[in-house]
Amino acid sequence: MLRFQVQNTDNASSARTGVITTDHGVIETPIFMPVGTLGAVKAMHFKDLLEDTKAQIILGNTYHLYLRPGTDILERAGGLHRFNGWNKPILTDSGGYQVYSLAHRRKLEQEGVTFQSHIDGSRHMFSPERVIDIQRSIGADIMMAFDECTPYPCDKNYASDSLKTTHQWLLRCMKQYKATEPKYGYHQALFPIVQGSVYPDLRIKSAEEISALNAEGNAIGGLSVGEPIEKMYEITQLVCNILPKDKPRYLMGVGTPVNMLECIALGIDMFDCVMPTRNGRNGMIFTRNGIINIKNEKWKDDFSPIEAEGNSFVDTQYSKAYLRHLFVAGEMNGPMIASTHNLAFYLWLMNEARNNIRNGVFSEWKSSMVKKLATRL
RNA sequence: GGGGAGGUACCAGAGCGGUCAAAUGGGGCAGACUGUAAAUCUGUUGGCUAAGCCUUCGGAGGUUCGAAUCCUCCCCUCCCCA
């Protein structure tokens with residue numbers, strides 16, 4: 001079983017703290033989950049991920065891991081945990097995001113989605129059943145239902161049809177889930193995903209149907225795909241108010257530090273996003289006082305620490321001028337330090353959020369933080 | 001001393017009579033990035049009183065309606081031979 005216990009709730013908002021217990025350990029919520037698509041968080045060592053960023057759970061991706069290294073190798077390794085040596089919880093995305101991001105090289109049908117591999121062009125059919133099987137082979141603690149992450153903008157007819165398909169796929173996923181056993185002796189949960197684009201009635205329908213399934217946790221997908229931020233908050237709020245309070249709520253693919261604080265206030269418990277790692281590799285540094293583009297000339301002689309108050313090794317070990325130098329010179333330490341810092345920052349922000357919820361001052365704290373976090377330095 | 005090649009924007013390097021303020025790379029500067037086809041991609045990179053004008057292709061002259069491109073002289077690099 002995957003257990004979730006709500007511990008503290010905020011009076012002024014829907015924010016709450018909680019603990020998710022999995023067979024690979026506990027996860028304190030609200031939490032940010034670093035993305036490790038191919039079984040590795042890009043530019044990061046697990047040692048640093050554990051010690052410096054304090055990551056509690058990471059993501060993997062069904063589509064990518066299926067293509068490389070493939071389920072045969074993963075099974076022979078004894079699952080992804082054994083393969084990559086990450087002994088804490090792992091959540092795998094189902095490939096639903098690739099239905100969106102690789103839209104130009106897939107064919108979507110009622111039965112499932114046929115992808116043309118971005119690596120060698122070979123064709124692969126992803127049905128809901130197949131996606132569950134693959135996630136069983138990967139051995140993720142939390143598996144995601146196969147869905148279509150709809151693009152934005154998305155006309156209502158398309159969104160409505162897509163939602164029907166996603167729900168049928170969900171039922172097939174659950175059937176396959178119940179018909180199969182974990183391969184490595186520990187429990188695997190399955191989270192359904194609410195869809196419906198930016199249409200309130202579709203989202204309500206989706207959230208209600210999914211709530212009735214009584215899954216161990218529930219996710220909201222199809223957001224942060226280019227819609228106005230206010231739409232994202234509006235839909236998140238709408239859905240959070242319907243999804244069961246006693247189960248973790250996971251907002252997929254979100255987001256910026258500000259997005260996360262706003263959505264914690266709406267009742268979200270789990271986040272993941274490539275932003276701290278990808279943008280970090282591209283020179284964007286998130287700090288308590290705002291966002292830095294470390295490649296900018298203005299940092300060339302700023303010898304102050306990356307984050308003087310920061311608690312990760314890299315924050316005080318390296319100066320902004322040095323980090324800029326590494327980026328300008330194309331040294332791989334640049335992206336590594338930036339990724340470590342950004343993840344440490346994201347995880348620190350979650351920790352602060354939890355503390356402020358516990359202390360009953362979340363909303364005030366959030367207001368003061370939001371102003372600083374979005375500042376461009 | 002003899003023979004040959006060449007000097008183009010920050011660098012490398014195309015262009016060899018008009019469509020050239022000058023391809024392409026690199027470098028510089030800036031921007032983008034939200035369940036990762038990303039250590040990626042995009043824009044910009046002579047000056048200005050800016051849909052136009054001015055000064056640029058080693059230097060000085062010349063031919064021409066028009067020259068980075070043709071001619072003359074000069075300066076400077078590099079290669080081969082002695």
Side-chain angles (χ1 to χ4, degrees), chain A residues 32-44 57-65 67-68 90-106 115-121 131 135 140 142-152 166 191-195 219-229 231-233 236 250-260 262-263 268 270-284 286 291 293-300 324 326-339 342 346 376:
Chain A
F32 175 79
M33 309 181 282
V35 179
T37 304
L38 281 146
V41 177
K42 294 186 193 300
M44 292 288 306
I57 169 174
I58 62 173
L59 259 66
N61 182 280
T62 302
Y63 168 81
H64 289 283
L65 289 168
L67 288 181
R68 285 190 301 212
I90 293 175
L91 179 153
T92 43
D93 181 35
S94 61
Y97 186 74
Q98 279 63 45
V99 177
Y100 157 79
S101 69
L102 300 178
H104 56 290
R105 47 193 317 132
R106 53 77 170 160
F115 286 99
Q116 187 164 13
S117 162
H118 65 281
I119 300 163
D120 63 7
V131 164
Q135 292 183 95
I142 299 173
M143 309 192 289
M144 299 305 299
F146 193 46
D147 66 333
E148 180 191 5
C149 175
T150 51
Y152 181 86
T166 286
F191 284 18
I193 304 171
V194 173
Q195 288 289 348
I220 305 171
L223 293 176
S224 66
V225 289
E227 75 284 1
I229 293 302
K231 282 275 178 208
M232 183 178 109
Y233 295 153
T236 299
Y250 164 29
L251 180 56
M252 306 182 77
V254 173
T256 67
V258 171
N259 290 164
M260 294 193 297
E262 295 295 353
C263 292
I268 295 295
M270 305 162 73
F271 301 92
D272 79 282
C273 189
V274 302
M275 195 173 279
T277 45
R278 178 192 285 168
N279 290 29
R281 288 196 305 283
N282 295 331
M284 185 182 279
F286 296 92
I291 296 166
N293 180 344
I294 200 65
K295 292 191 282 196
N296 285 179
E297 187 176 26
K298 64 198 285 191
W299 306 110
K300 70 178 178 190
R324 170 182 145 82
L326 294 177
F327 268 96
V328 168
E331 281 289 327
M332 60 175 84
N333 272 350
M336 291 170 67
I337 291 167
S339 298
N342 282 348
Y346 266 56
R376 295 280 176 154

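Residue numbers start from 1 in every chain, and the chains themselves are labelled A, B, ... in the order their sequence lines are given, proteins ahead of strands. Hydrogens, waters and symmetry mates are skipped; everything else that's a heavy atom, side chains included, is used.
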Whether [X] contacts [N] is assessed here as follows: a side-chain N or O lying under 4.0 Å from the phosphate OP1 or OP2. Is that the case?
X	N	value
A:Asn61	B:U36	yes
A:Gln98	B:A37	yes
A:Arg68	B:A37	no
A:Ser224	B:U34	no
A:Asn296	B:A30	yes

Heavy atoms from C-beta onward define the side chain here; which of [options] lies closest to that of [X]?
X	options	value
A:Val254	B:U36, B:U34, B:C29	B:U34
A:His64	B:U34, B:U36, B:A30	B:U36
A:Ile229	B:A37, B:U34, B:C29	B:U34
A:Thr256	B:G35, B:A38, B:U34	B:U34
A:Thr37	B:G35, B:U36, B:A37	B:U36

- Item | Aromatic ring proximity A:His104/A:His118, centre distance under 6.0 Å |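 Aromatic pair excluded; centres sit 6.0 Å or further apart.
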| said: Using a distance-only criterion (donor-acceptor N/O pair, under 3.5 Å, no hydrogens), is the base of B:A38 paired with the side chain of A:Arg278? | reply: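 Counting by modelled atom types and ignoring angles, a donor-acceptor contact under 3.5 Å is found here.
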On a whole-Å scale, what distance lies between the [atom1] atoms belonging to [N] and [M]?
N	M	atom1	value
B:G28	B:A9	C1'	13 Å
B:C48	B:A21	C1'	13 Å
B:G46	B:U55	C1'	8 Å
B:G18	B:U69	P	11 Å
B:G59	B:C75	P	15 Å
B:A60	B:C76	C1'	15 Å
B:U63	B:G17	C1'	11 Å
B:C20	B:G3	P	40 Å

#### Entry: For the student: nearest non-hydrogen atoms of A:Asp93 and A:Thr62, plus distance
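Distance-wise, the nearest heavy atoms are O-OG1, 2.6 Å.
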Report task. Might you point out which heavy atoms bring A:Thr277 and A:Lys42 nearest each other, and give the distance in Å? Result ->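 So the minimum-distance heavy-atom pair works out to CG2-O, 4.4 Å.
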Between [N] atom [atom2] and [X] atom [atom1], what is the distance in whole Å?
X	N	atom1	atom2	answer
A:Lys295	B:C41	NZ	P	11 Å
A:Asn282	B:U36	CG	P	16 Å
A:Met44	B:A39	CE	C1'	15 Å
A:Tyr346	B:C33	OH	C1'	11 Å
A:Asp272	B:U36	CG	P	7 Å
A:Asn259	B:C33	CG	P	11 Å
A:Lys42	B:A39	NZ	P	6 Å
A:Ile193	B:G35	CD1	P	13 Å

Answer with base, sugar-phosphate or nothing: what part of the nucleic acid does [X] contact at a heavy-atom distance below 4.0 Å?
X	value
A:Arg376	sugar-phosphate
A:Ser101	sugar-phosphate
A:Ile220	nothing
A:Asn279	base
A:Glu227	nothing
A:Met144	nothing
A:Gly222	base
A:Val225	nothing

Under 3.5 Å for both donor-acceptor distances, Watson-Crick or wobble: does [N] have a partner, and if so which one?
N	result
B:C65	B:G18
B:C48	B:G52
B:C29	B:G43
B:G1	B:C81

* Taking the six-membered ring for Trp, are A:Phe115 and A:Tyr63 parallel (under 30°), tilted (30 to 60°) or perpendicular (over 60°)? ->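 Judged by the thresholds at 30° and 60°, the geometry between A:Phe115 and A:Tyr63 is tilted.
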- Message: With heavy-atom distances below 4.5 Å as the criterion, would you say the side chains of A:Ile193 and A:Phe146 are in contact?
- Response: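 Contact flag for A:Ile193/A:Phe146 side chains = no.
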Self-check item: Heavy-atom check, side chain of A:Glu148 versus side chain of A:Gln195, under 4.5 Å
Solution: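 No - every pair of side-chain heavy atoms lies 4.5 Å or more apart.
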By nearest heavy atom, map A:Met332 and A:Asn293 onto RNA chain B; which one lands nearer the 5' end?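 The residue whose closest nucleotide sits nearer the 5' end is A:Asn293.
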- Would you check if there is a donor-acceptor pair between the side chains of A:Gln135 and A:Thr92 at a distance under 3.5 Å?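 Their side chains do contain a donor-acceptor pair, which is all the 3.5 Å distance test asks for.
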Has A:Ser339 got a side-chain atom pairing as donor or acceptor with A:Met336's backbone, closer than 3.5 angstrom?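 It does not hold such a pair.
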